[in-house]
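Quick note on labels: first sequence line is chain A, next is B, and so on, each numbered from 1. All values below were derived from every heavy atom in this structure, side-chain atoms included, with hydrogens, water molecules and symmetry-related copies excluded.
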Amino acid sequence: MVPTTDCCELTVLDLVPFGLADPVHRYFALRLSPPDWKEWKPGQFLMIRPQSFGLEMPWGRPLGICLIRPQHLICFFQVAGRGTEQMAHLRPRDKVRVWGPLGNGFAVEPDTPTLLLAGGMGIVPFIGYVAEHPKAWNISMLFGHRDPLECYPVDSINEHIPVDTLRESVPGDLDNFIFTLQERIKEYASQKGLILACGPLPFLKTVQGFAKEYHARLQLSLENKMACGVGACLGCVVRTTDAWPDAAHRNAPVQCCTQGPVFWADQIELA
Amino acid sequence: MKHNELAVTLAGPKQTLTLKNPILTASGTFGYGTEFARFGDLTSLGGIIVKGISLKPRHGNPCPRIAETPCGMLNSIGLQNDGLEVFRTQKLPNLPWKEVPIIVNMYATSAEEFGTLAAELNAMEGVAALEVNISCPNVKEGGSIFGADPAQAAKVTRAVRNNAPNKPVIVKLSPNVTSIAEIARSVEDAGADCISCINTLLGMSVDLRSRRPRLANIVGGLSGPCIKPVALCCVWQVSNAVNIPVIGIGGITSAEDVLEFLLVGASAVEIGTANFMRPDAAFHIVEELPRAMEKYGIRHLDDIRSMLSLG
């Protein structure tokens with residue numbers, strides 16, 4: 001029998017509300033017993049399915065992996081729908097089924113100046129990225145968000161690297177954020193830096209546009225809806241461009257879960 | 001419990017397929033099989049039915065293609081696949097086909113094309129059987145058009161039968177018909193060795209806020225535990241209508257569900273949406289089956305198959 005630790009039952013250690021913890025801002029850090037996985041890379045994700053989903057909600061939910069340490073696995077989520085609503089009621093000792101680590105993870109180039117661009121919950125995979133990076137002093141980060149800063153796990157990042165944060169609360173803020181994105185992307189493009197972005201689709205499209213304009217080296221982490229996370233359901237596909245390395249799948253749909261979730265920006269078309 | 005007490009023989013008029021246990025994986029829910037090798041031993045399964053294959057690669061439908069619904073899900077993938085050549089050269093060689101039957105689900109847009117595809121598959125040593133998809137609700141050409149008309153279903157079945165004389169031919173039926181028993185009799189008469197049912201039910205989900213359908217294709221195929229009662233009913237009707245073996249599909253998530261399908265007349269089953277609920281679902285059900293049999297006092301699968309008590 002092949003060991004099946006990649007799909008395992010983990011125990012909830014605790015679920016900690018972040019920030020305001022009011023009915024509108026519902027952000028949580030979820031700590032689970034550690035899985036017996038050989039290795040993982042920042043940018044990879046897992047699928048989680050609490051026992052309480054029963055037959056009612058068949059799909060697991062994809063969550064970015066924050067950190068895996070001998071004592072625990074940490075992930076982070078915002079209540080956004082039926083599944084995460086159910087997950088907000090997890091209690092210590094509850095059982096969850098988890099499979100992973102899934103997907104490819106971010107490029108790590110220790111000596112290259114690296115810029116992290118995060119929009120909202122897109123900050124999550126960068127927690128592990130910064131913590132695991134061998135030369136974190138080469139990294140900086142720009143973080144755009146709508147809800148108050150304390151809703152997001154920013155502290156786990158700015159203890160390692162400088163983080164510029166911009167909050168969108170009035171209409172002009174977004175223009176300011178986009179302008180700042182443009183300036184930073186231009187700057188990193190000129191020094192042949194590495195740029196990594198994670199966040200909502202409009203944000204990724206903006207970043208992708210600037211990277212194309214300034215010929216920046218950019219990776220995008222996508223958050224497509226998925227059912228299986230392992231390449232089977234073909235629900236999460238993204239369309240590739242002429243730049244896709246495998247000729248047979250150029251200008252064709254490929255699975256975000258197994259070919260991504262991290263893609264070089266020039267190799268995919270965002271819908 | 002020894003393996004032979006779980007073994008299944010699907011004996012058709014022309015060809016017979018032997019399985020070490022009645023658990024197969026349903027097409028479209030298990031990739032090409034290799035995606036799941038990290039979650040269990042592929043060779044422990046009764047068989048692997050791979051993602052539907054067409055002669056040429058297909059890109060499928062636009063996104064969103066999937067939507068979760070209560071106790072189930074909708075999909076409108078549109079038969080995205082890499083095509084026959086990639087399957088032959090890159091997928092099949094990586095599968096343990098000597099130790100576990102690999103069944104190819106096949107899709108084409110005409111009876112002639114089904115025949116061509118069948119002839120190609122007939123020549124592949126690693127292919128144990130063919131499953132003819134005449135029931136996909138998500139494609140404009142072919143698909144359920146073949147599956148809804150007894151004459152068309154028979155024509156496609158004959159085309160595959162005649163061009164794949166060496167392989168067991170399984171025909172997968174749609175529940176989106178007036179009488180599934182009539183279609184079943186028609187494909188039996190046309191030479192099918194076995195019938196599998198059911199494919200997905202045509203369904204729809206909408207978003208009140210945006211007033212848009214949740215699938216780009218507007219409608220899609222419903223699967224998962226919510227369709228199990230429909231599937232049980234169809235398997236019961238079909239197994240009463242034909243003399244060839246029936247493979248049950250629809251909402252199976254446990255070994256007890258497997259036994260329920262056998263009770264109403266199935267000889268084997270396919271695990272579908274459950275593979276998304278946990279990627280080791282099929283392996284897990286294989287492991288659980290002997291325990292479930294013991295719980296219900298079933299020594300051999302023949303003790304339960306078609307033993308529905310109506311008295």
Report the option among B:G224, B:P70, B:P279, B:G31 that has the most heavy-atom pairs separated by less than 4.5 Å from atoms of chain A.
B:P279

Which is it for B:N199 and B:S135 under the side-chain hydrogen bond (donor to acceptor under 3.5 Å, both in side chains) test, yes or no, and what are the steps along the way?
CA-CA 6 Å; B:N199 206 318; B:S135 44; 2.9 Å; yes

Please identify, among A:G231, A:A227, A:A248, the residue contributing the most non-hydrogen atom pairs under 4.5 Å to chain B.
A:A227

So, do B:F30 and B:F36 have ring centers that fall under 6.0 Å from each other?
yes

Residue A:A271 versus chain B: region with a heavy atom under 4.5 Å:
neither

Minimum-distance pair of heavy atoms, taken over all atoms of B:T29 and B:T273:
CG2-N, 4.0 Å

Is it the side chain or the backbone of B:A67 that comes within 4.5 Å of chain A heavy atoms, both, or neither?
backbone

Hey, are B:E68 and A:K225 close enough for a salt bridge, meaning a charged N less than 4.0 Å from a carboxylate O?
no

Measure distances from A:M47 to the heavy atoms of chain B and classify the residue's part below 4.5 Å as side chain, backbone, both or neither.
neither

Quick one: what part of B:P225 sits under 4.5 Å from any heavy atom of chain A, side chain, backbone, both or neither?
side chain

A:N251 versus chain B, heavy atoms under 4.5 Å apart: side chain, backbone, both or neither?
backbone

Given a strict heavy-atom distance threshold of 4.5 Å, which part of B:T253 is in contact with chain A: side chain, backbone, both, or neither?
side chain

Most heavy-atom pairs under 4.5 Å with chain B, out of A:G83, A:A232, A:G81, belong to A:A232

Can you tell which of A:C233, A:G60, A:G229, A:C236 has the highest number of heavy-atom pairs within less than 4.5 Å of chain B?
A:C233

Residues B:E99, B:K20: salt bridge by 4.0 Å N-O rule:
no

For residues B:Y32 and B:N94, is any side-chain donor paired with an opposing acceptor at under 3.5 Å?
no

Salt-bridge criterion met for A:E132 and A:R69 (N-O under 4.0 Å)
yes

Closer than 4.0 angstrom, basic N to acidic O: yes or no for A:D14 and A:R31?
yes

Identify which part of B:T69 has an atom lying under 4.5 Å from any heavy atom of chain A, answering side chain, backbone, both or neither.
backbone

